[in-house]
Number of protein chains: 2
Amino acid sequence: MTARRHDPDRRDRIIDAALAVIAEGGVAGTSHRRVADRAGVPLGSMTYHFTSMEELLHESFTRFAERISERFAARLSAVSNPSQLASAIVDLVHSDLVEGPDDLVLTLELYTLAARKPAFRQITHDWMRRSRDVLEQHVDAKTAHKLDALIEGLFIHVSLDATPHGRDVTRDAVLRFLSS
Amino acid sequence: MTARRHDPDRRDRIIDAALAVIAEGGVAGTSHRRVADRAGVPLGSMTYHFTSMEELLHESFTRFAERISERFAARLSAVSNPSQLASAIVDLVHSDLVEGPDDLVLTLELYTLAARKPAFRQITHDWMRRSRDVLEQHVDAKTAHKLDALIEGLFIHVSLDATPHGRDVTRDAVLRFLSS
DNA sequence: GGAGGATGTGTACGTTCGTACATATCGACA
DNA sequence: TGTCGATATGTACGAACGTACACATCCTCC
């Protein structure tokens, strides 16, 4: 009812700061103190708002996955034919990456966590389901499955391979799944 | 010329121990002490054989990537037609994973490191080039590129998605790239 | 306006860490 | 056999960590 003593989005800022710190130094290099410094809050605030580091990481990655999903949906909602869909996907794979290398790092950090801790796997599950839902607005379910995996692999290989991956190769790969 | 004071594969054992520790607790949870305990060597041995943690990680992941590459090559060297190739790839994506979940964890830990530190990207570069070389024994270069990325994406999605990925869907996806 | 609960903070404790380095052990060779 | 590098180890130090918790601050309601 009344204004909180301090900013009510203190928690939000901590989560955003956590994502920035993770992108910079990885989960390995993330500590309460570093996140607190980045968010401009006292150390005590960390344990007050989050009972453990794991809870903070979980909430941070949940927010991250939702953001990426929203962008994915926004990019693909505008297309109306297979050719446009292919172009949109090629853009996602080749351009988004250049804009935000942090996204690659955060994605991989999340996958790594999910591979080891089941608690984080729910985040990847939901993320992948949302991606498929978006793709299923344009293609059938099985194709959506394949396309989603292909996009994942292309994104990683374009990012971590020295050999340049041409947009034409990516486009051709996508179109192979789109043709009936 | 003469036998070393101690076992000459002390270094090797440390590297293997490091991989075990990384698989268990991630790069984040890897320390000199833990690796030393696992390898059965004194703490002093760590800094003696490796000037830094980063050097140990680099050598460990190099060895890991080479091992996976060898297995990949062994699996694919025996095939002689597209159908067999598809079956071999489906096996790689669906079965290897069940055998060794550690491989997934280590792969993702490496990718995460590579995404942030260029020094580790050389390892992924070499790994991906070796994979393509193997694939190019069966298909043309562009197809090898696409297939390699597809395998990557399928592997990750089969591992981190709750929705089951049928082998038939994987096989169909692979065959789409194999058909001329 | 004062009591008391909710909200937020500063600090201190015990642990673990990477690293340095003095010391110990051994093999090679005179 | 005795000496001298090379090889290897144990230990100690300062820094950073997660967490607990006593304390401060503020809002609400009587």
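Naming convention: chains lettered A, B, ... in sequence-line order (proteins, then strands); numbering from 1 in each chain. As the structure is a prediction and not an experimental result, all values here were calculated from the model. These values consider heavy atoms only, across backbone and side chains, with no hydrogens, waters or symmetry-generated copies.
A salt bridge links A:Arg63 with A:Asp16: the closest approach of a Lys/Arg side-chain nitrogen to an acidic carboxylate oxygen falls below 4.0 angstrom. The residues B:Asp161 and A:Arg129 are annotated as not salt-bridged, no charged nitrogen and carboxylate oxygen being separated by less than 4.0 angstrom. Comment: A:Lys142 engages B:Asp168 in a salt bridge, judged by a side-chain N to carboxylate O separation of less than 4.0 angstrom.
Remark: A:Leu160 CG to B:Leu113 CG distance equals 11.0 Å, nearest 0.5 Å.
Distances from the side chain of A:Ser31 to the nucleotides C:dG8, D:dC17, D:dT19 place D:dC17 closest. Comparing D:dT19, C:dG18, D:dA8 by their closest approach to the side chain of A:Thr47 singles out D:dT19. Ranking D:dT19, D:dT9, C:dG8 by closeness to the B:Arg10 side chain, first place goes to D:dT9. For B:Arg34, counting side-chain heavy atoms from C-beta on, the closest listed nucleotide (D:dT9, D:dT19, C:dC17) is C:dC17. Which of C:dT19, D:dT19, C:dT9 sits closest to the side chain of B:Leu43 comes down to C:dT19.
Put simply, OH on B:Tyr48 is 19 Å from P on C:dT23, counting in whole angstrom units. Between the CZ atom of A:Phe50 and the P atom of D:dA20 there is a distance of 16 Å, given to the nearest Å.
Not one side-chain nitrogen or oxygen of B:Ser45 sits closer than 4.0 Å to the OP1 or OP2 atom of D:dA8.
Residues B:Ala119 and B:Glu54 come closest through the heavy atom pair CB-OE2, 4.2 Å.
Considering only residues two or more places apart in sequence or on other chains, A:Gln122 meets the side chain to side chain donor-acceptor pair (under 3.5 Å) condition with A:Asp126.
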Where do N or O atoms of nucleotides 13-15 of chain C meet protein N or O atoms at under 3.5 Å, pair by pair?
none

